[in-house]
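Shown next, in structure tokens, is the structure this report addresses.
We name chains A, B, ... by the order of the sequence lines, and we start the count at 1 in each one.
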Number of protein chains: 2
Amino acid sequence: MSGVGGDQPEIDGPQTDADDSSLGVRARSRARIEASIRKAAEEVFAEMGFEGASTSLIAKRAGLPKANLHYYFKTKNDLYQFVLRDIIELWLNTAQEIQPDADPATALAHYIGQKIDLARDRPIASRVFANEVLHGAPRFDRFMRQDLKDWVERKSAIIEEWIGRGKIDQIDPKHLFFMIWSTTQTYADFSIQIAAVLGRRELIESDYQLAAKQITHIILKGCGLKAPDA
Amino acid sequence: MSGVGGDQPEIDGPQTDADDSSLGVRARSRARIEASIRKAAEEVFAEMGFEGASTSLIAKRAGLPKANLHYYFKTKNDLYQFVLRDIIELWLNTAQEIQPDADPATALAHYIGQKIDLARDRPIASRVFANEVLHGAPRFDRFMRQDLKDWVERKSAIIEEWIGRGKIDQIDPKHLFFMIWSTTQTYADFSIQIAAVLGRRELIESDYQLAAKQITHIILKGCGLKAPDA
DNA sequence: GTCTATACTTGGATAGAC
DNA sequence: GTCTATCCAAGTATAGAC
């Protein structure tokens, strides 16, 4: 059952009406329910992992009976795929500013800021992603070997071009991405550990700000860039 | 012999591991079996998480019947604690070279190298740790809020001293540790993702070497340090 | 479309023979 | 100390009433 896109999860439900005229109200209602299921599922998958998550708990948090959830998503795996698709989209939509003609310092600073914002605003999505990868990505392989690999290669080519033009030190672009991903996502995935070390119950706004500032400073300076004028 | 599994939760005992030269035949046999159980358990916990791991699979991989495993470890949680202790020790034994009179560049470079070595040599232990933190550290809280927090505060005080003496740029020591942890451990925890992006089935020696080199370079330069003479 | 009740399966843990 | 057989709880999924 590997592959996110190979066999797409049925976001339209078990049996769509051949008749489109009934869409309106019903489809809206369905969309609302699916959204509340997705939110509950994301939380539970993040907390307990795929195996640990129980459909009954997800149903309870979404405020409907377990059997009803199985009406909307035939299997637990279908529901999981539904959640993952959302997360993949978040990932692939970052780093828009990394472009050949951009200023490297500005673009990288912006990218790091974007990733820290995601860590603060969507930590749960990040944890579902991390959990999947951590456990061997059995339901995620296609995304990583195709979409993500392509993404990195496109972005790395741009950085290579920056290097060629002498706009940035000669570093390995791919490992630079691994560095940016890890340093920023750690504030979502391992926020509990960081909060514990900082003596807090949970991270606060100034923690994220300091993190973004210091990560940006060290990486930019480490790559031979000066802080952007911003 | 009296030490039959049930009466003493192996977790908290000061009991040492494999050094069994002074023990009897029975204890030696017990230690061997416990070691094989630990190895199997570490693998299974890393792959499936705590909830997903089944004692039957652990028993199977350790080459003994399930009931027998429950003879050595009364509950799944006891076994998990047993595995965690080993990992905690690994963590707390790093960064010996971070000392007030050390050269910052040398000490940090060595620490980063040590962490990358761990990522390469003990990725499974790292993943069990990561999984525990990722899911809210329900069985790990005390370690993080006490031992680890103390550890970071001791080490951070040393770095503050370096800063005071002008040996290193003025950075936040704690967030520097978060940065070193995340950039290095990502090569264990998310090695599957990194390998996928690099187009490999698994990471190879040169990947770790390049990672260590680039992480060290960027962090040292980013902190205003020159590469150590080494 | 939604809910109640239930069938079926897996997995943690134990009893008791050897 | 070790193994077979078994109990019991939890969890996925479905049948069928409304």
Side-chain angles (χ1 to χ4, degrees), chain A residues 1 9-37 40-41 44-45 47-83 139, chain B residues 1-10 20 23-37 40-41 44-45 47-83 139:
Chain A
M1 204 89 224
E10 22 190 351
I11 54 172
D12 294 329
Q15 34 215 359
T16 43
D17 295 334
D19 180 10
D20 281 347
S21 63
S22 67
L23 271 175
V25 181
R26 263 191 204 169
R28 254 199 302 282
S29 163
R30 170 177 276 273
R32 254 201 316 277
I33 291 172
E34 279 179 353
S36 81
I37 293 176
V44 175
F45 283 132
E47 273 171 43
M48 336 268 284
F50 179 78
E51 331 259 355
S54 77
T55 54
S56 48
L57 179 56
I58 294 172
K60 193 173 152 195
R61 290 216 196 162
L64 45 81
K66 183 170 62 163
N68 210 347
L69 182 147
H70 277 93
Y71 168 75
Y72 286 99
F73 296 92
K74 206 156 181 46
T75 69
K76 184 162 89 161
N77 190 52
D78 285 352
L79 175 53
Y80 189 63
Q81 300 289 337
F82 184 68
V83 168
R139 301 167 188 84
Chain B
M1 178 173 169
S2 59
V4 179
D7 46 358
Q8 185 81 337
E10 285 84 340
D20 48 7
L23 301 175
V25 181
R26 260 189 206 170
R28 249 200 305 280
S29 163
R30 177 179 197 103
R32 253 202 315 278
I33 291 172
E34 279 180 352
S36 82
I37 293 176
V44 175
F45 283 131
E47 273 172 43
M48 337 266 284
F50 179 77
E51 330 260 356
S54 76
T55 54
S56 47
L57 179 56
I58 295 172
K60 193 174 154 195
R61 289 217 197 161
L64 46 83
K66 183 171 66 163
N68 209 348
L69 182 148
H70 277 95
Y71 168 75
Y72 285 99
F73 297 92
K74 207 155 180 49
T75 69
K76 184 162 90 162
N77 190 51
D78 285 352
L79 175 54
Y80 188 63
Q81 300 290 337
F82 185 68
V83 167
R139 302 168 188 82

Considering non-hydrogen atoms only, spot the tightest contact between [X] and [Y] and give its length.
{"X": "A/Glu51", "Y": "B/Gly52", "result": "CB-CA, 3.4 Å"}
{"X": "A/Val83", "Y": "A/Ala41", "result": "CG2-CB, 3.9 Å"}
{"X": "B/Lys76", "Y": "B/Phe50", "result": "NZ-O, 2.8 Å"}
{"X": "A/Met48", "Y": "A/Ala53", "result": "CB-N, 3.6 Å"}

Nearest-Å distance, [atom1] ([X]) to [atom2] ([N])?
{"X": "A/Lys60", "N": "D/dT12", "atom1": "NZ", "atom2": "C1'", "answer": "18 Å"}
{"X": "A/Leu64", "N": "C/dT2", "atom1": "CG", "atom2": "C1'", "answer": "10 Å"}
{"X": "A/Ile58", "N": "D/dA13", "atom1": "CD1", "atom2": "P", "answer": "11 Å"}
{"X": "A/Leu69", "N": "C/dG1", "atom1": "CG", "atom2": "C1'", "answer": "15 Å"}
{"X": "A/Asn68", "N": "C/dT4", "atom1": "CG", "atom2": "C1'", "answer": "12 Å"}

How does protein reach along nucleotides 11-18 of chain C, written 5' to 3' as B (base within reach of a heavy atom under 4.0 Å), S (only sugar-phosphate), or - (no contact)?
SBBB----
Less than 4.5 Å apart, side chain to side chain, heavy atoms only: is that true for B/Tyr80 and B/Thr75?
no
Can you confirm whether A/Phe45 sits close enough to A/Leu79 that some side-chain heavy atom of one is under 4.5 Å from a side-chain heavy atom of the other?
yes
